[in-house]
Asker: 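So that we are looking at the same thing, I have put the structure below in structure tokens.
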Amino acid sequence: MATAGKVIKCRAAVAWEPTAPLMMEEIEVAPPQEGEIRIKVVATGVCHTDLYHLFEGKDKRGFPTVLGHEGAGVVESVGPGVTDFKPGDKVIPLFLSQCGECKFCKCPKTNLCDRNWSSKYHDIMSDPTTRFTCRDQPILQFMGTSTFSEYTVINQIAVAKIDDDAPLERVCLLGCGISTGYGAAVNTAGVTPGSVCAVFGLGAVGLAAVMGCKNAGASRIFAVDINEQKFEKAKVFGATDFLNPKAYNKPISEVLAEMTNGGVDFSLECVGNTEVMRTALESCVKGWGVSVLVGWTDVKDFSARPIQLISGKTWKGSLFGGFKSKDSVPNLVCDYMNGKIKLDEFITHKMSLEQVNDAINLMKTGQCIRCILNISK
């Protein structure tokens, strides 16, 4: 392409400081260096983790930054040493890399990668190395991706090449939320046929967890949320029972225990709230119950009574649904195109990049499941 090897000036939504509205800016995107790929972003979802960094994490060292990590686009150019990608390829940026060489990538027990940005900089949610500048100062790339920009530069170990026929404005959701919730059920929890499950929180991640429980053959799936307007959507993904904790004068864990003869086989916390994490664990049956932490947070400690684990329950965490990213995302795209998993049903709003603050407000107030931002044609 004519832009290969040159600095590209483009639009991006810059978060200059915590809690402030994003500002539409012209940024400069440098050419890709050794092992890097420059991508023209076509579409991106707005994920709660973007809001977490902006409103909850509040670590000023993580700003200024371009948020967004749930995108899809087309390769514009590649840097030296890149052989698996070429201009024109459809791709999904990955906030979790897979170098294929570190001890974690070689181990089938985990999807972590020692070369991921989070290995050293999880507190600021960015690697200090960036290809973005604006107003003559460096702009961090959130979670190594930054999809609230028309162009971004990413290491090839954090990019998945996908089917040429894949609709980018839908499969972008597989860059984070849907893969995370779905995989937490089928991979991390290991939901079994005929089991009873409970999913706490019915945002996109929670609904994807419901879908995972359904596809794994669960016989009963409790959808738990204080917003009852989400129950109809949960039914679409396979939920069978619906509980609003505020509707009871006792802990919802006790309600679940009474309704399931002692507790559920599997519970998944998809809120990012430490109190809900404990409730999800306490909702499991003793002896074999498994509870999985899926919601992202790093600002509070969590706790539980030791008897919960001594009695045979298991407490686990899940990052990106346990999927090894570069290997799994292309397969998930094919699963969507073959009708094995849903994506369209998660999308409740579509907006332009310039409307990003409106999209953030919809997410913040619980008025949408997923809003897709159209970034480029």
Side-chain angles (χ1 to χ4, degrees), residues 48-49 52 56-57 103-104 107-112 118-119 122-123 180-203 205-206 208-210 212-213 216 218-226 241 243-323:
H48 185 269
T49 307
Y52 167 83
E56 298 173 38
K103 65 179 182 180
F104 297 105
C107 178
K109 297 179 180 180
T110 181
N111 64 343
L112 298 183
S118 59
S119 296
H122 70 276
D123 50 350
T180 295
Y182 183 76
V186 301
N187 296 329
T188 313
V191 172
T192 53
S195 60
V196 178
C197 303
V199 176
F200 291 77
L202 301 177
V205 174
V210 170
C213 294
S219 62
R220 198 173 181 188
I221 304 169
F222 288 87
V224 185
D225 202 296
I226 59 175
D241 298 78
L243 299 175
N244 178 355
K246 289 189 174 182
Y248 299 88
N249 57 8
K250 64 177 71 175
I252 200 67
S253 57
E254 293 182 15
V255 175
L256 280 164
E258 292 171 358
M259 297 178 71
T260 58
N261 191 27
V264 301
D265 301 304
F266 301 94
S267 68
L268 298 105
E269 189 281 341
C270 302
V271 181
N273 180 296
T274 54
E275 293 180 5
V276 179
M277 291 173 185
R278 178 170 181 163
T279 297
L281 175 68
E282 293 172 345
S283 300
C284 285
V285 66
K286 64 183 180 181
W288 62 79
V290 175
S291 187
V292 181
L293 279 62
V294 190
W296 178 280
T297 186
D298 193 38
V299 294
K300 291 183 179 180
D301 295 334
F302 64 92
S303 64
R305 293 289 177 89
I307 189 62
Q308 295 289 329
L309 303 184
I310 292 171
S311 66
K313 299 181 184 182
T314 300
W315 217 359
K316 308 173 75 173
S318 183
L319 180 66
F320 198 56
F323 286 115

Asker: As a quick check of understanding, evaluate side-chain contact (heavy atoms from CB on, under 4.5 Å) for Leu243 and Leu256, giving each step before the final call.
Answerer: CA-CA 9 Å; Leu243 299 175; Leu256 280 164; 3.5 Å; yes
Asker: Give a yes or no answer on whether the side chain of Asn111 reaches the backbone of Gly321 with a donor-acceptor pair at less than 3.5 Å.
Answerer: no
Asker: If the condition is side chain to side chain donor-acceptor pair (under 3.5 Å), which residues does Thr188 pass it with, not counting sequence neighbours?
Answerer: Ser318
Asker: Tell me whether the rings of Trp296 and Tyr52 are parallel (<30°), tilted (30 to 60°) or perpendicular (>60°).
Answerer: perpendicular
Asker: For Trp288 and Phe266, I'd like to know if the aromatic rings sit close, meaning centre-to-centre distance below 6.0 Å.
Answerer: no
Asker: Holding to side-chain contact (heavy atoms from CB on, under 4.5 Å), I want the full list of residues that pass it with Ser219, two or more places apart in sequence or in another chain.
Answerer: Val196
Asker: Do you know which two heavy atoms are closest between Lys313 and Val285, and how far apart they sit?
Answerer: CG-O, 3.7 Å
Asker: So which atom in Ala216 and which in Val191 form the shortest heavy-atom distance, rounded to 0.1 Å?
Answerer: CB-O, 3.5 Å
Asker: Give the intermediate values and the outcome of side-chain contact (heavy atoms from CB on, under 4.5 Å) for residues Gln308 and Ile310.
Answerer: CA-CA 6 Å; Gln308 295 289 329; Ile310 292 171; over 6 Å; no
Asker: Give the intermediate values and the outcome of side-chain contact (heavy atoms from CB on, under 4.5 Å) for residues Trp315 and Cys284.
Answerer: CA-CA 10 Å; Trp315 217 359; Cys284 285; over 6 Å; no
Asker: Using a 3.5 Å distance criterion without hydrogens, assess whether the side chain of Glu269 forms a donor-acceptor pair with backbone atoms of Gly272.
Answerer: yes
Asker: Measuring only between side-chain heavy atoms, which start at C-beta, is Phe222 closer than 4.5 Å to Arg220?
Answerer: yes
Asker: Is the closest side-chain heavy-atom distance between Thr297 and Met277 below 4.5 Å?
Answerer: yes
Asker: Restricting to salt bridge (Lys or Arg N to Asp or Glu O under 4.0 Å), what partner residues turn up for Lys250, sequence neighbours left out?
Answerer: Glu258
Asker: Give the minimum heavy-atom separation between Gly183 and Phe323, together with the two atoms involved.
Answerer: CA-CE1, 3.4 Å
Asker: Is there a side-chain contact between Leu309 and Thr314 in this structure, where contact means two heavy atoms from C-beta onward sitting under 4.5 Å apart?
Answerer: no
Asker: Search all heavy atoms of Ala185 against all heavy atoms of Cys213 and return the closest pair with its distance.
Answerer: CB-N, 3.7 Å
Asker: Measuring only between side-chain heavy atoms, which start at C-beta, is Thr180 closer than 4.5 Å to Val294?
Answerer: yes
Asker: Of all the heavy-atom pairs spanning Gly212 and Val186, show the shortest one and how long it is.
Answerer: O-CG1, 3.5 Å
Asker: Tell me, with the steps shown, if Ser267 and Ser291 meet side-chain hydrogen bond (donor to acceptor under 3.5 Å, both in side chains).
Answerer: CA-CA 5 Å; Ser267 68; Ser291 187; 2.7 Å; yes
Asker: Is any side-chain heavy atom of Glu282 closer than 4.5 Å to a side-chain heavy atom of Pro251?
Answerer: no
Asker: Does some side-chain heavy atom of Asp241 sit less than 4.5 Å from a side-chain heavy atom of Ile221?
Answerer: no
Asker: Of all the heavy-atom pairs spanning Ile252 and Pro245, show the shortest one and how long it is.
Answerer: CD1-CA, 3.9 Å
